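Every chain is numbered from 1, with letters handed out A, B, ... down the list of sequences. What you are looking at is a predicted structure, and each value in this text was computed from that prediction instead of being measured.
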Protein chains: 2
Amino acid sequence: MAHRHEETLAAVRANLPEDELLCDLGDLFKIFGDTTRIKILYSLFESELCVCAIAELLGMGQSAISHQLKVLKDAKLVRSRREGKTVFYSLADDHVRRIIGQGYDHLTEEEK
Amino acid sequence: MAHRHEETLAAVRANLPEDELLCDLGDLFKIFGDTTRIKILYSLFESELCVCAIAELLGMGQSAISHQLKVLKDAKLVRSRREGKTVFYSLADDHVRRIIGQGYDHLTEEEK
DNA sequence: CATTCATATGAATTTATATTCATATGTTAT
DNA sequence: ATAACATATGAATATAAATTCATATGAATG
């Protein structure tokens with residue numbers, strides 16, 4: 001503790017969500033915070049893709065992609081659909097596009 | 001490589017941004033992907049705060065907070081303003097709110 | 001039902017990142 | 001100038017997370 005700021009902190013505390021939600025938020029963004037996963041998600045903007053197509057597209061091993069798809073699926077960011085031996089992945093909902101879109105904006109827009 | 005998907009991949013490749021942008025996106029979200037930083041950003045929704053107020057609010061050491069504020073500042077997510085011995089931090093622009101808002105929506109809304 | 005193909009998973013290794021500790025910098029007041 | 005306070009920073013440690021390798025599961029086919 002250093003100087004006084006109880007008045008300020010009271011207001012901030014009142015508007016701060018529960019700890020659990022803040023943790024969940026961090027965990028969610030953590031998932032977007034990896035180049036491989038961003039690439040996977042972005043690839044799925046266009047169409048559903050099978051695991052080996054994604055691996056080929058990104059120039060990575062099948063195992064690495066599978067592991068990351070699991071992370072994405074656990075977070076409900078992608079869905080999967082099996083067709084014979086092949087499993088197709090697609091975006092789970094539109095939040096993915098919106099979240100990435102906002103990030104894109106931050107990177108490309110000028111700040112004033 | 002496994003089976004054929006050149007046709008599909010061609011279309012996906014055409015719409016995929018440059019590698020550098022995808023990396024930058026990952027790096028940006030990585031910053032949101034930490035509970036401490038999310039808490040700091042959320043705290044700043046309400047008002048600007050000095051370092052020791054944030055440390056007190058989060059129950060963490062001043063050093064840890066300073067390190068994270070540096071990360072946030074380097075990413076241009078927060079600004080700082082010195083007033084005597086005290087340094088006040090505030091959100092740099094509205095993208096922060098929007099990005100966190102989209103994450104919040106994903107967590108709290110029902111998916112259909 | 002044995003083989004092949006597509007995907008998934010566990011363990012190990014490597015690499016990155018967060019916090020702490022000690023200390024430096026910068027500001028104000030005596 | 002010296003002391004006291006607020007913040008910043010470097011190095012070290014601890015923890016987490018990504019990829020690889022080997023192998024397992026699950027589905028189709030001869």
Side-chain angles (χ1 to χ4, degrees), chain A residues 1-5 8-9 22-23 25-41 43-44 48-75 77-90, chain B residues 1-5 8-9 22-23 25-41 43-44 48-75 77-90:
Chain A
M1 219 164 307
H3 55 245
R4 285 313 93 186
H5 21 53
T8 324
L9 285 191
L22 293 168
C23 282
L25 266 175
D27 289 344
L28 175 63
F29 285 119
K30 200 170 291 174
I31 292 171
F32 289 90
D34 174 82
T35 305
T36 299
R37 286 190 294 260
I38 284 282
K39 285 179 181 173
I40 293 175
L41 291 172
S43 307
L44 298 176
E48 66 171 10
L49 292 171
C50 66
V51 177
C52 63
I54 299 173
E56 188 181 337
L57 180 65
L58 305 195
M60 294 178 60
Q62 171 268 319
S63 180
I65 301 299
S66 260
H67 278 295
Q68 297 304 344
L69 283 169
K70 177 165 173 35
V71 173
L72 292 170
K73 194 175 180 188
D74 288 349
L77 297 178
V78 303
R79 301 171 174 289
S80 68
R81 165 180 86 79
R82 180 174 272 269
E83 191 176 309
K85 301 175 216 166
T86 308
V87 178
F88 290 97
Y89 282 85
S90 56
Chain B
M1 221 162 306
H3 55 245
R4 288 309 93 183
H5 20 53
T8 326
L9 286 192
L22 293 168
C23 281
L25 265 175
D27 289 344
L28 176 63
F29 286 118
K30 200 169 291 174
I31 293 170
F32 288 88
D34 174 83
T35 305
T36 300
R37 287 189 294 260
I38 284 281
K39 285 179 181 173
I40 293 175
L41 291 172
S43 306
L44 297 177
E48 66 171 11
L49 292 172
C50 65
V51 177
C52 64
I54 299 173
E56 188 181 338
L57 180 66
L58 305 194
M60 294 179 60
Q62 171 268 319
S63 180
I65 301 300
S66 260
H67 278 295
Q68 297 303 347
L69 283 169
K70 177 166 173 35
V71 173
L72 292 170
K73 195 175 179 185
D74 287 349
L77 297 177
V78 303
R79 301 171 173 288
S80 68
R81 164 180 87 79
R82 182 175 270 271
E83 191 177 309
K85 301 174 217 165
T86 308
V87 177
F88 289 96
Y89 283 84
S90 56

Quickly work out the [X] [atom1] to [N] [atom2] distance and round it to whole Å.
X        : N       : atom1 : atom2 : result
Leu72(A) : dT9(C)  : CG    : P     : 14 Å
Lys39(B) : dT19(C) : NZ    : C1'   : 14 Å
Glu83(B) : dT7(D)  : CD    : C1'   : 15 Å
Lys85(B) : dA8(D)  : NZ    : P     : 15 Å
Leu49(B) : dT7(D)  : CG    : P     : 11 Å
Leu69(A) : dA8(C)  : CG    : C1'   : 11 Å
Phe88(B) : dG26(C) : CZ    : P     : 20 Å

Could you walk me through whether Leu49(B) and Ser43(B) pass the side-chain contact (heavy atoms from CB on, under 4.5 Å) test, one step at a time? CA-CA 8 Å; Leu49(B) 292 172; Ser43(B) 306; 3.8 Å; yes
side-chain hydrogen bond (donor to acceptor under 3.5 Å, both in side chains) against [X], all qualifying residues, sequence neighbours excluded:
X        : answer
Ser63(B) : none
Ser80(B) : Lys73(B)
Arg82(B) : none
Lys70(A) : Asp74(A)

Where at least one partner belongs to residues 26-37 of chain A, residue pairs that pass side-chain hydrogen bond (donor to acceptor under 3.5 Å, both in side chains), sequence neighbours excluded: Arg37(A)-Gln68(A)
Output one line per pair: protein atom, nucleotide atom from nucleotides 20-25 of chain C, and distance, for all N/O pairs under 3.5 Å.
unit_1  : atom_1 : unit_2   : atom_2 : d
dT20(C) : O4     : His67(B) : NE2    : 3.2
dC21(C) : N4     : Ser63(B) : OG     : 2.6

Considering only nitrogen or oxygen atoms on both sides, find all protein atoms under 3.5 Å from nucleotides 12-17 of chain C and state each distance.
unit_1  : atom_1 : unit_2   : atom_2 : d
dT17(C) : OP1    : Lys30(B) : NZ     : 3.4

Regarding Ser66(A), tell me which of base, sugar-phosphate or nothing describes its non-hydrogen contacts under 4.0 Å with the strands shown. base
Counting side-chain heavy atoms from CB outward, which of dT9(D), dA8(C), dT28(C) is closest to Lys70(B)? dT9(D)
Presence of Tyr89(A) side-chain N/O under 4.0 Å of dA8(C) phosphate oxygens OP1/OP2: yes
Check whether any side-chain heavy atom of Cys52(A) lies under 4.5 Å from a side-chain heavy atom of His5(B), and answer yes or no. yes
Partners passing ring-ring contact (aromatic ring centres under 6.0 Å, His included) against Tyr89(A) (at least two apart in sequence or in another chain): none
Can you list everything that forms a side chain to side chain contact (heavy atoms under 4.5 Å, CB included) with Ala55(B)? Sequence neighbours excluded, please. Ile65(B)
Between Thr36(A) and Ser80(B), the residue closer to the 5' end of DNA chain D by nearest nucleotide is Ser80(B)
